[in-house]
Amino acid sequence: MLDARGRRGLSSGPASGADAGEGRGGGRWRRRASGRCDSANSPSSARSASSPYPDRFARTHTLAEARALGERLGLEVGAAPRDDAPQLRLCGRLMALRDMGRLGFARLQDHSGALQLVFEVRALGQEAYRRAVRLLDVGDHLGAQGRLFYTRKGELSLLVEQWQLLSKALRPLPEKWHGLRDRELCWRQRYLDLLVNPETRERFRRRGELVRALRAMLEEHGFVEVETPVLTPQPSGALARPFVTHHHALDLDVYLRIAPETWLKRLIVGGYDRVYEFARCFRNEGMDPSHLQDFTMLEWYAAWWNYLDNMEFTEQLVRHAVERVVGGTAVEIRGRRVEFGGRWERRTLRELILQDSGIDIDAHADAASLRAAIAARGIDLEQSPEETARLGRGSLIDRLYKVVSRPRIDGPLFITAHPADLSPLARRSDEDPARADRFQLVVAGWEVVNAYSELIDPLDQRARLEQQAAARAAGDAEAMVVEEDYLLAMEHGMPPVSGFGLGIDRFAAPAERRREPARRGLLPPHAPCARGGGRAPRGHP
RNA sequence: GGUUCCUUAGCUCAAUUGGUAGAGCGGCUGGCUCUUAACCAGCGGGUUGCAGGUUCGAGUCCUGCAGGAACCA
């Protein structure tokens with residue numbers, strides 16, 4: 001016997017009532033999940049009807065299809081179902097139930113939509129009617145057979161002639177007025193969020209559509225979808241702290257990938273022209289509205305392209321995806337209107353910082369000089385002076401940009417010419433070796449795309465990874481390590497190539513039209529047991 | 001990582017200065033043939049996140065822990 005707490009119908013009524021057996025509720029589904037039921041009312045076989053958890057239901061229409069059919073039939077409002085109207089078999093979850101004594105209304109919901117069911121004594125008979133409204137609860141899955149009609153109030157409904165319980169819910173759905181508001185429960189019990197909050201369903205539907213739109217266009221352009229390792233012997237491809245785990249068979253610590261980059265570039269060495277991967281990546285860093293520990297990154301690599309070719313393609317592809325998902329090019333993101341149509345603006349990092357702070361980074365060849373210029377203008381880098389003192393010139397520029405420029409950008413804006421030492425895998429600019437041939441796409445204050453002409457010179461690559469490894473040894477947990485296996489691949493010859501990375505969860509923000517959508521995935525990670533101690537989290541057994 | 005705030009019934013929330021833990025919804029019982037958050041009458045429902053402390057007395061004050069939120073990094 002289950003714990004009575006939280007289980008409907010198990011509340012300890014008067015002792016005499018509980019003892020009254022069949023007459024007062026014993027042996028019913030409502031009281032006992034495994035209760036029996038006769039099949040007189042069931043449109044299905046006696047075998048499956050005898051269980052509150054049957055194995056299937058043969059439906060004739062989804063609820064959206066039933067609604068469309070009903071609208072085509074030209075039924076008269078308030079009239080009883082016509083004898084020649086088709087018998088429909090519908091199923092879904094019961095989301096509302098209103099018993100009027102001899103007439104009852106229920107709302108059935110499925111993936112496609114919702115439809116009202118009407119239970120009526122005239123159609124079912126007194127006994128069957130009573131059984132239906134007594135046995136059924138909001139939250140139950142139900143199959144129903146009957147004909148469509150319009151109620152006197154004008155709502156398209158199915159007049160139920162036969163019905164079958166398809167799955168008994170032992171726990172009630174969230175409160176019907178306010179729904180499920182507790183953010184934690186929305187994440188821990190996402191199924192409830194999806195069930196009662198249509199905007200949550202819409203949000204993840206759009207995300208799926210975005211992925212499909214991107215994939216379709218990449219395939220059209222000759223990109224090949226591949227999968228690369230998630231468990232890797234070394235973290236690589238980004239500046240981030242990894243998750244560590246242990247490989248028992250090899251007795252080796254392995255890392256969950258922080259980016260698929262070097263693996264995809266190995267495939268370019270292997271002769272693929274264009275590859276892409278929707279790569280689940282993991283970064284062991286703090287969670288905030290724009291960072292998830294577990295997120296999906298789309299990366300692609302195109303041989304023979306440089307970053308400028310890539311920028312052209314990115315503009316086309318992102319515009320196309322936005323049009324597909326939101327049906328237009330203007331999108332409101334985090335309270336800002338962003339126009340994806342037309343030609344996107346392109347600015348160098350230097351221009352941007354000069355405009356927003358008056359500082360020309362090119363006039364400051366080292367960190368000390370730049371630091372002095374920042375201090376002279378009284379710019380608050382929003383971090384401790386010790387932290388500021390530790391930053392090299394590249395990191396200082398990055399920090400300055402993040403404070404003075406990035407929050408003000410509506411975008412879509414391409415930013416180019418980043419310091420090379422912030423991009424250890426990017427090609428140096430021919431005009432200025434201190435800069436990388438790189439671009440970022442900023443939308444509503446967030447970087448959503450990072451791309452560059454890839455560094456294909458194995459000697460330069462080795463030097464720059466060694467520089468990173470030194471920073472790592474000096475205590476920078478996000479710095480890269482020397483990835484010999486990748487250098488080995490590169491030493492065999494990598495063609496000119498440009499790569500692209502897009503955080504899907506972040507980019508889905510516009511598609512989802514929400515203010516803080518990047519925060520959580522469909523089934524987000526969370527601590528195993530909330531509200532510590534001996535008690536289970538709310539809503540958990 | 002830092003600061004502030006939050007955690008009370010299945011859900012959404014109350015509870016005066018530290019003095020008997022409540023309401024609505026959901027559940028249960030009864031009534032009702034056009035409801036849409038149905039309505040009417042009645043009844044159950046609690047280890048106040050966890051562990052300590054102060055006090056005659058703690059949902060309330062203090063300490064620690066866990067989880068969550070906002071802002072900052």
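Every chain is numbered from 1, with letters handed out A, B, ... down the list of sequences.
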Closest nucleotide among [options] to the [X] side chain:
{"X": "Gln116(A)", "options": "rC34(B), rG31(B), rU36(B)", "value": "rU36(B)"}
{"X": "Asp137(A)", "options": "rC34(B), rG27(B), rG31(B)", "value": "rG27(B)"}
{"X": "Arg102(A)", "options": "rU36(B), rC32(B), rG30(B)", "value": "rC32(B)"}
{"X": "Arg152(A)", "options": "rC34(B), rU36(B), rC32(B)", "value": "rC34(B)"}
{"X": "Arg98(A)", "options": "rG31(B), rU36(B), rC32(B)", "value": "rU36(B)"}
{"X": "Arg122(A)", "options": "rU36(B), rG30(B), rU33(B)", "value": "rU33(B)"}

[N] [atom2] sits how many Å from [X] [atom1], rounded?
{"X": "Glu76(A)", "N": "rC34(B)", "atom1": "CD", "atom2": "C1'", "value": "16 Å"}
{"X": "Arg130(A)", "N": "rC32(B)", "atom1": "CZ", "atom2": "P", "value": "8 Å"}
{"X": "Leu136(A)", "N": "rG27(B)", "atom1": "CG", "atom2": "P", "value": "12 Å"}
{"X": "Tyr129(A)", "N": "rC32(B)", "atom1": "OH", "atom2": "C1'", "value": "9 Å"}
{"X": "Leu103(A)", "N": "rC32(B)", "atom1": "CG", "atom2": "P", "value": "13 Å"}
{"X": "Leu117(A)", "N": "rC34(B)", "atom1": "CG", "atom2": "P", "value": "18 Å"}
{"X": "Phe105(A)", "N": "rC39(B)", "atom1": "CZ", "atom2": "P", "value": "15 Å"}
{"X": "Asp99(A)", "N": "rU29(B)", "atom1": "CG", "atom2": "P", "value": "12 Å"}

- [ ] Have a look at Arg107(A) and say if it touches a base, only the backbone sugar-phosphate, or nothing, with a 4.0 Å heavy-atom cut-off.
- [x] nothing

Open item on the list: According to salt bridge (charged side-chain N to carboxylate O under 4.0 Å, His left out), does anything in residues 402-418 of chain A pair up with another residue at least two apart or in another chain? List the pairs.
Closed with: Arg336(A)-Asp410(A), Asp356(A)-Arg408(A), Asp398(A)-Lys402(A), Arg406(A)-Glu447(A)

TODO: Search all heavy atoms of His61(A) against all heavy atoms of Leu69(A) and return the closest pair with its distance.
DONE: NE2-CD2, 3.7 Å

Between [M] and [N] - [atom1] atom distance, rounded Å:
{"N": "rC5(B)", "M": "rG22(B)", "atom1": "C1'", "answer": "25 Å"}
{"N": "rA41(B)", "M": "rA23(B)", "atom1": "P", "answer": "14 Å"}
{"N": "rC25(B)", "M": "rU36(B)", "atom1": "P", "answer": "14 Å"}
{"N": "rU33(B)", "M": "rA21(B)", "atom1": "P", "answer": "43 Å"}
{"N": "rA66(B)", "M": "rC28(B)", "atom1": "C1'", "answer": "35 Å"}
{"N": "rU60(B)", "M": "rG53(B)", "atom1": "C1'", "answer": "15 Å"}
{"N": "rC72(B)", "M": "rC61(B)", "atom1": "C1'", "answer": "29 Å"}
{"N": "rA38(B)", "M": "rG18(B)", "atom1": "P", "answer": "40 Å"}

Task: Contacts of type ring pair (Phe, Tyr, Trp, His ring centres under 6.0 Å), residue Phe149(A), not counting sequence neighbours - done: none

- [ ] Check ring pair (Phe, Tyr, Trp, His ring centres under 6.0 Å) between His246(A) and all other residues, then give those that pass, not counting sequence neighbours.
- [x] His248(A)

- [ ] Could you pick out which residue, Ala96(A) or Ala106(A), lies toward the 5' side of RNA chain B when each is mapped onto its nearest nucleotide?
- [x] Ala106(A)

Task: Test item: Pro86(A) and Leu88(A) side chains (from C-beta on) under 4.5 Å apart, heavy atoms - done: yes

With a 3.5 Å cut-off and sequence neighbours excluded, list the donor-acceptor pairs that the side chains of residues 95-108 of chain A form with protein atoms.
unit_1	atom_1	unit_2	atom_2	d
Asp99(A)	OD1	Gly101(A)	N	2.8
Asp99(A)	OD1	Tyr129(A)	OH	2.8

- [ ] Return yes if some donor-acceptor pair links the side-chain N/O of Asp137(A) with the main-chain N/O of Asp140(A) below 3.5 Å, else return no.
- [x] no

Task: Enclosure of Gln126(A) CD (heavy-atom neighbours >12, cutoff 6.0 Å) - done: yes

Task: RNA chain B base-pair string [pairs: Watson-Crick or G-U under 3.5 Å; |: paired with another strand] - done: (((((((..((((.....[..)))).(((((.......))))).....(((((..]....)))))))))))).

Task: Listed partners of Ser423(A) passing side-chain hydrogen bond (donor to acceptor under 3.5 Å, both in side chains), at least two apart - done: Arg438(A)

